[in-house]
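I have placed the structure first, in the form of structure tokens, so that the comments after it can refer back to it.
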Amino acid sequence: MAKKMGFLVNVDRCFGCHTCEMACKNVYQLEPEVRWRKVYEIKEEYNLPERSFMSLACNHCEDPECKRVCPVKAYSIREDGIVLQDQSRCIGCKMCIMACPYEVPQFNTKLKKVEKCHMCFERLDKGQETVCVAACPAEAISTIDLEEYYQNGILDSLPGFPDPDITKPTTRFIKPRTGIQVRRDNNG
Amino acid sequence: MGEFPLVIFTVLSQLAVGALITVVLLDHYSDKIDKSLGKKLTLIILGATAVGLGFSLLHLGHPFEAYRALANLGSSWLSREVVLFSVFTLLLIAYYFQWQKDSSNKKIVGILASVTGILGVISSGMVYVLPAVPAWNNFSPLVFFILTAVVLGPLFVIAVLKLHGITPPSNLVGIAGILLAGYLLSFILYTSVLFSSAGASGQTAAQMLASSSFWLRIGLTWLLPLGLIFWVIRKQTSEYKYLAGIFLLVFAGEIIGRYLFYDTAVFLKISGF
Ligand code: SF4
Ligand code: SF4
């Protein structure tokens with residue numbers, strides 16, 4: 001069976017250090033205003049004493065809106081599910097920027113073209129890890145083949161992640177565990 | 001005004017389509033348009049379309065590669081819009097020569113161009129029907145773009161006729177008024193539905209109402225022109241300054257309205273609002 005690659009984001013491990021974001025930006029020498037991966041703070045409360053974060057890049061969706069709307073067919077889906085954008089075809093119409101529910105495609109003002117995460121497909125093809133996965137000090141991100149990977153309790157959405165029904169993202173999440181909190185009793 | 005080129009392109013192309021339909025209908029049902037006026041009107045409509053298309057290119061990062069936008073007819077409404085407006089332009093040129101030659105095919109070419117134009121306006125609307133923009137992800141872009149065409153078109157032709165000393169058919173001003181009133185009603189309905197929705201749609205309505213140009217738009221597109229139309233019909237006058245004034249008011253209102261369309265739309269965002 002063909003593969004279906006996706007990112008697995010472990011929110012329980014992520015502590016919001018932005019290393020993944022910077023490693024990606026560094027390796028691909030992105031323009032100052034462009035970030036292919038971004039770390040977001042989850043604003044909705046998990047009833048936890050600490051803050052929670054989700055690190056997101058392109059979700060390599062099964063039904064990508066970027067690909068549907070692009071007039072020059074710059075987008076394609078590989079056998080293994082990775083959604084690629086061929087920047088040489090792009091004419092900078094910004095349709096994909098409007099259509100992606102996850103604010104993923106970004107405009108490079110120097111090239112006047114759009115760009116986005118390609119899941120380091122060249123590295124994956126060589127059996128290496130993606131740059132973000134390799135850089136994360138907490139091992140909070142991994143790439144998984146959704147056709148093979150199974151773990152109890154992995155989710156396809158988190159609070160603040162736009163409706164996965166629109167484009168069927170392949171990103172999966174492990175939500176933070178609520179630890180046992182010991183408090184002094186008020187009247188004790 | 002980041003989307004200025006698109007504001008100009010959409011409003012001008014819609015004006016052109018609406019005006020062409022009016023010309024074709026007037027040519028069929030009345031004898032108000034003679035050969036020289038027919039040629040002139042077609043040229044103006046062609047000019048508006050060309051200027052609009054020129055502006056649409058300015059929106060692109062790479063305007064000279066715009067021809068490649070034809071590649072994805074299978075799923076991209078932008079590709080379809082580009083094809084339809086290119087064909088519309090060619091048919092307008094053909095229509096001009098039909099007037100020139102007094103050809104018997106004039107009506108057919110006019111109808112073909114009108115249908116292509118309407119399909120072009122529909123595809124312009126469909127470009128914005130995006131699940132990522134809840135306020136647009138419904139019939140509204142389509143309905144409002146068509147309404148812009150059918151309101152601006154007749155008002156424009158009425159003004160041009162009058163400029164040439166021809167009194168427009170008496171019921172045309174009334175029809176334009178009814179269309180404009182219908183436009184106002186659909187706008188009120190749409191805005192109230194948006195306003196009562198949660199999330200990005202509600203936010204869009206709130207942003208729109210909070211914008212300093214919102215009431216200006218309401219006044220220019222609807223209140224003042226409707227008042228003027230009512231007055232013109234009651235007084236049974238058809239002075240050029242009033243008829244041209246009605247068109248200019250609505251046109252200015254539509255430019256501001258389209259600017260608000262782009263400027264106040266709220267996109268889905270990660271981590272809420
Ligand atoms: S996340 Fe956005 S850019 Fe990435 S595949 Fe999905 S729709 Fe396309
Ligand atoms: S900006 Fe480029 S990649 Fe995006 S839809 Fe337009 S042509 Fe396609």
Side-chain angles (χ1 to χ4, degrees), chain A residues 38-44 52-57 59 63-76 86-105 107-115 157-167 169 171, chain B residues 2-6 9 55-86 123-124 126-137 141 198-201 204 261-263 265-273:
Chain A
K38 287 183 197 165
V39 178
Y40 296 87
E41 183 172 348
I42 303 179
K43 289 188 190 141
E44 275 97 328
S52 309
F53 302 90
M54 58 181 157
S55 166
L56 293 175
N59 298 302
D63 214 348
E65 274 285 283
C66 53
K67 179 170 181 280
R68 177 181 73 86
V69 301
C70 175
V72 301
K73 282 194 173 168
Y75 287 87
S76 58
D86 177 354
Q87 205 184 32
S88 67
R89 297 183 75 98
C90 176
I91 56 172
C93 73
K94 302 186 188 158
M95 264 320 292
C96 52
I97 298 182
M98 286 206 282
C100 167
Y102 302 97
E103 306 172 74
V104 166
F107 196 67
N108 179 323
T109 45
K110 251 195 201 143
L111 297 175
K112 299 199 184 309
K113 289 177 181 232
V114 160
E115 57 192 53
S157 190
L158 281 181
F161 189 74
D163 186 359
D165 284 346
I166 302 174
T167 57
T171 306
Chain B
E3 303 295 0
F4 179 70
L6 293 181
F9 162 65
F55 270 94
S56 78
L57 294 181
L58 293 183
H59 161 75
L60 299 178
H62 294 260
F64 294 112
E65 288 165 45
Y67 66 92
R68 285 207 270 115
L70 306 174
N72 197 5
L73 286 172
S75 75
S76 168
W77 281 102
L78 186 55
S79 289
R80 296 171 189 164
E81 185 190 26
V82 173
V83 170
L84 287 163
F85 276 111
S86 309
S123 61
S124 295
M126 287 304 291
V127 162
Y128 300 101
V129 179
L130 301 168
V133 194
W136 292 346
N137 195 28
S201 294
T204 304
F261 170 83
Y262 289 110
D263 198 53
V266 175
F267 291 65
L268 288 183
K269 273 193 189 66
I270 292 171
S271 248
F273 298 99

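Naming convention: chains lettered A, B, ... in sequence-line order (proteins, then strands); numbering from 1 in each chain. Bear in mind that the values here come from a model prediction, so they are computed numbers and not experimental data.
When heavy atoms are compared at a cutoff of 4.5 Å, B:V82 does not approach chain A at all. Heavy-atom distances place both the backbone and the side chain of A:I91 under 4.5 Å from chain B. With a threshold of 4.5 angstrom between heavy atoms, B:V129 approaches chain A through N, CA, C or O but not through any side-chain atom. Of the atoms belonging to A:L111, it is backbone heavy atoms, and not side-chain ones, that fall under 4.5 Å from chain B.
For the pair A:M98/B:Y128, a side-chain contact is recorded, criterion being any heavy-atom separation below 4.5 Å from C-beta on. Considering only heavy atoms from C-beta on, B:I270 stays 4.5 Å or farther from A:K38 through its side chain. B:L130 places a side-chain heavy atom less than 4.5 Å from the side chain of A:V69. Put simply, the side chain of A:Y102 does not reach to within 4.5 Å of the side chain of B:K269, judged on heavy atoms.
B:D263 is linked by a side chain to side chain contact (heavy atoms under 4.5 Å, CB included) to B:Y259, counting only residues two or more places apart in sequence or in another chain. Take A:I97 and apply the side chain to side chain contact (heavy atoms under 4.5 Å, CB included) test, not counting sequence neighbours, and it matches A:K94, A:P105, A:F107, A:V114.
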Please report the C-alpha distance between B:L268 and A:E103 in whole Å, then the side-chain angles of each, then the deciding distance to 0.1 Å, and finally whether the side chain to side chain contact (heavy atoms under 4.5 Å, CB included) criterion is met. CA-CA 8 Å; B:L268 288 183; A:E103 306 172 74; over 6 Å; no
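Residues of residues 69-76 of chain B lying under 4.5 angstrom from chain A, judged on non-hydrogen atoms, are B:A69, B:L70, B:A71, B:N72, B:S75, B:S76 by number.
With B:H59 contributing its side chain and A:C93 its backbone, the two residues share a donor-acceptor pair below 3.5 Å.
Counting only residues at least two apart or on different chains, the salt bridge (Lys or Arg N to Asp or Glu O under 4.0 Å) pairs with a member in residues 56-67 of chain B are B:E65-B:R68.
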